[in-house]
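Sequence lines set the chain letters: A, B, ... in the order given, protein chains first and strands last, and positions in each chain run from 1. Values below: every heavy atom of this structure, side chains too, minus hydrogens, waters and symmetry copies. For clarity, every value in this text was computed on a predicted model and none was experimentally measured.
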Amino acid sequence: MTPPATPPPVLSVEELSVRFRMPAGRYVEAVTGATFALAPGESLALVGESGCGKSVLASALLGLLPGNAETAGSARLADGLDLLAADERTLARTVRGRRVGLVPQSPAAHLTPVRTIRSQLEETVRELTGTRPPALRAAAEAAAERAAFPASHLDRHPHELSGGLAQRAATALALVGDAPLLLADEPTTGLDRDLVLRTVDELRAHTRADGRALLMITHDLAAAERIADTVAVMYAGRIVEITPAAAFFGSPGPRHPYARGLLDALPERAFAPVPGAPPELGALPPGCAFAARCAAADQLCRTRRPALTGGVACHHA
Amino acid sequence: MLELKDITAGYDRRAPVVRGAHLTLRPGESLGLLGPSGCGKSTLARVVALLHRPERGTVTLDGHAVTGFSHRAPRSLRTAVGVVFQQPRLAADPRLRLRDLVAEPLRATGRRTEAAARVGELAERVGLGADLLSRRPHEVSDGQLQRACLARALALRPRWLVCDEMTAMLDASTTAALVAVVEDYRDRTGAGLLAVGHDPVLLGRWCGRTTHWNEIVKD
Ligand code: SF4
């Protein structure tokens with residue numbers, strides 16, 4: 001008997017690198033060698049400090065990098081399309097909104113201020129599904145309902161909504177195209193704690209129930225803990241640890257010294273910062289990028305860059 | 001002492017977001033003010049920082065009743081309060097190099113000659129590498145820019161600090177680092193602190209006392 005076939009990953013990222021060409025022939029290595037895969041139903045939280053490269057990675061997946069960016073590696077969807085190799089026409093027509101749904105950082109800024117939520121939903125439904133009036137009205141209402149956006153508020157403008165409802169409106173828009181991959185870029189920034197929990201719970205439910213995959217980029221470890229099956233920690237452009245969330249937040253805890261430090265910095269833990277500052281992405285040291293801040297650093301660390309093996313990139317983990 | 005009595009303030013006279021707020025801070029005390037987003041706590045923070053004129057009520061700072069706000073605030077009082085906001089990108093002139101951003105309050109108060117030495121010292125305190133000082137805001141991360149904004153707030157050695165969601169955009173380590181900078185400053189100078197935010201765990205760990213928005217406003 002043949003074993004049941006495991007479904008292919010929704011997204012499979014291999015050795016993804018992004019660098020920016022700067023004046024005077026310099027390069028900024030924003031992302032280097034990122035490798036991970038997302039199974040149907042899986043939520044992965046990509047965490048790290050601002051400037052570590054996590055937002056650049058998200059932009060690369062959506063084909064939204066600036067002109068001076070050079071990419072390497074691949075990021076394939078289940079149907080084989082490589083997001084890094086696709087041209088703008090393909091990305092605009094078949095990827096953004098359709099195969100990859102974006103839950104934006106600031107729904108207030110993402111929603112068009114002068115139009116009602118209904119009109120924005122109708123436009124998106126029409127564009128992505130081809131539904132025309134008279135069916136359009138019901139289709140837009142159904143789309144709102146999926147994200148638990150109340151029908152009573154459909155005729156309001158974004159500024160008339162609470163932060164939570166604005167977030168739901170943005171989520172409703174992201175779900176319209178029935179994209180197998182959801183990409184959420186700091187979806188909880190500036191939201192109150194209760195709302196953070198509700199927002200991530202809802203995103204998780206949309207991911208689980210429909211066999212989607214969710215990639216959430218965040219600096220908020222509490223949000224990551226709540227939502228993620230898998231946590232990936234980024235430091236100086238590299239994934240330095242990728243591990244099941246339960247092991248990361250619970251026992252045995254993170255294995256990479258930076259990841260440990262980041263978790264320990266939480267106010268519910270030691271509330272102590274990781275000493276020092278990250279290196280410049282334009283002037284990375286030859287060995288481990290964390291060596292200058294790491295208590296366990298030795299000669300090997302300073303000269304040889306640790307590869308990501310067994311989920312962690314550290315010579316002494 | 002810092003005292004707010006019956007403060008009503010907002011941007012729309014018919015619907016002020018702050019109604020009848022009361023607040024007292026003793027010198028050296030740290031108070032965390034918790035509230036949901038949109039409740040008016042940021043407006044109140046701007047009143048405390050003397051940046052926003054309330055429609056009603058009085059602000060008393062170290063025994064002086066404040067009569068002028070924003071550019072009408074007397075210099076001696078304005079310099080007594082340092083403020084850091086949630087979004088460093090909205091709080092920093094994009095044309096200024098970080099060095100000049102940090103030096104802004106020193107220049108504005110005629111302390112140009114002091115500026116160079118003082119900026120170096122401040123940058124070190126907030127953990128801003130010397131090489132970053134010649135950059136402009138778009139060339140640094142949010143965390144680095146927020147460090148510069150904190151350095152700017154400390155430049156005139158204020159007796160009071162107002163931190164309005166200072167760390168809401170920042171990762172855990174940068175958050176802990178900036179809070180440590182504030183606390184170190186307060187240890188050395190005895191400055192008082194009003195930290196406004198929405199995270200009870202953070203403010204509970206940071207501040208000597210926390211209060212909820214509902215407890216300081218009428219009804
Ligand atoms: S490789 Fe060395 S310097 Fe880098 S994290 Fe591991 S122990 Fe620290």
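Interface remark: Val140(B) contributes no atoms to any contact with chain A (heavy atom separation under 4.5 Å). Interface residue Leu170(B): only backbone heavy atoms are found under 4.5 Å from chain A. For Gln87(B), no part lies near chain A; criterion is any non-hydrogen pair under 4.5 Å. For a residue to count as touching a neighbouring chain, one of its non-hydrogen atoms must lie under 4.5 Å from one of that chain's; by this rule Asp199(B) touches chain A with the side chain only.
Chain A forms more heavy-atom pairs under 4.5 Å with one residue of Gly35(B), Ser141(B), Ser173(B) than with any other, namely Ser173(B).
Listed by first then second residue, pairs satisfying side-chain hydrogen bond (donor to acceptor under 3.5 Å, both in side chains) with a partner in residues 123-140 of chain B read Glu280(A)-Arg135(B), not counting sequence neighbours.
Counted within 6.0 Å of CZ on Arg89(B), heavy atoms from surrounding residues, nucleotides or ligands total more than 12; the atom is thus considered enclosed. Atom CZ of Arg188(B) has more than 12 heavy atoms from other residues, nucleotides or ligands within 6.0 Å. Around atom CZ of Arg26(B), no more than 12 heavy atoms belonging to other residues, nucleotides or ligands sit under 6.0 Å away.
Among the residues in residues 261-278 of chain A, those with a non-hydrogen atom closer than 4.5 angstrom to a non-hydrogen atom of chain B are Leu262(A), Ala265(A), Leu266(A), Pro267(A), Glu268(A), Arg269(A), Ala270(A), Phe271(A), Ala272(A), Pro273(A), Val274(A).
The CG atom of Asp171(B) lies 7.5 Å from the NE2 atom of His219(A); values are rounded to the nearest 0.5 Å.
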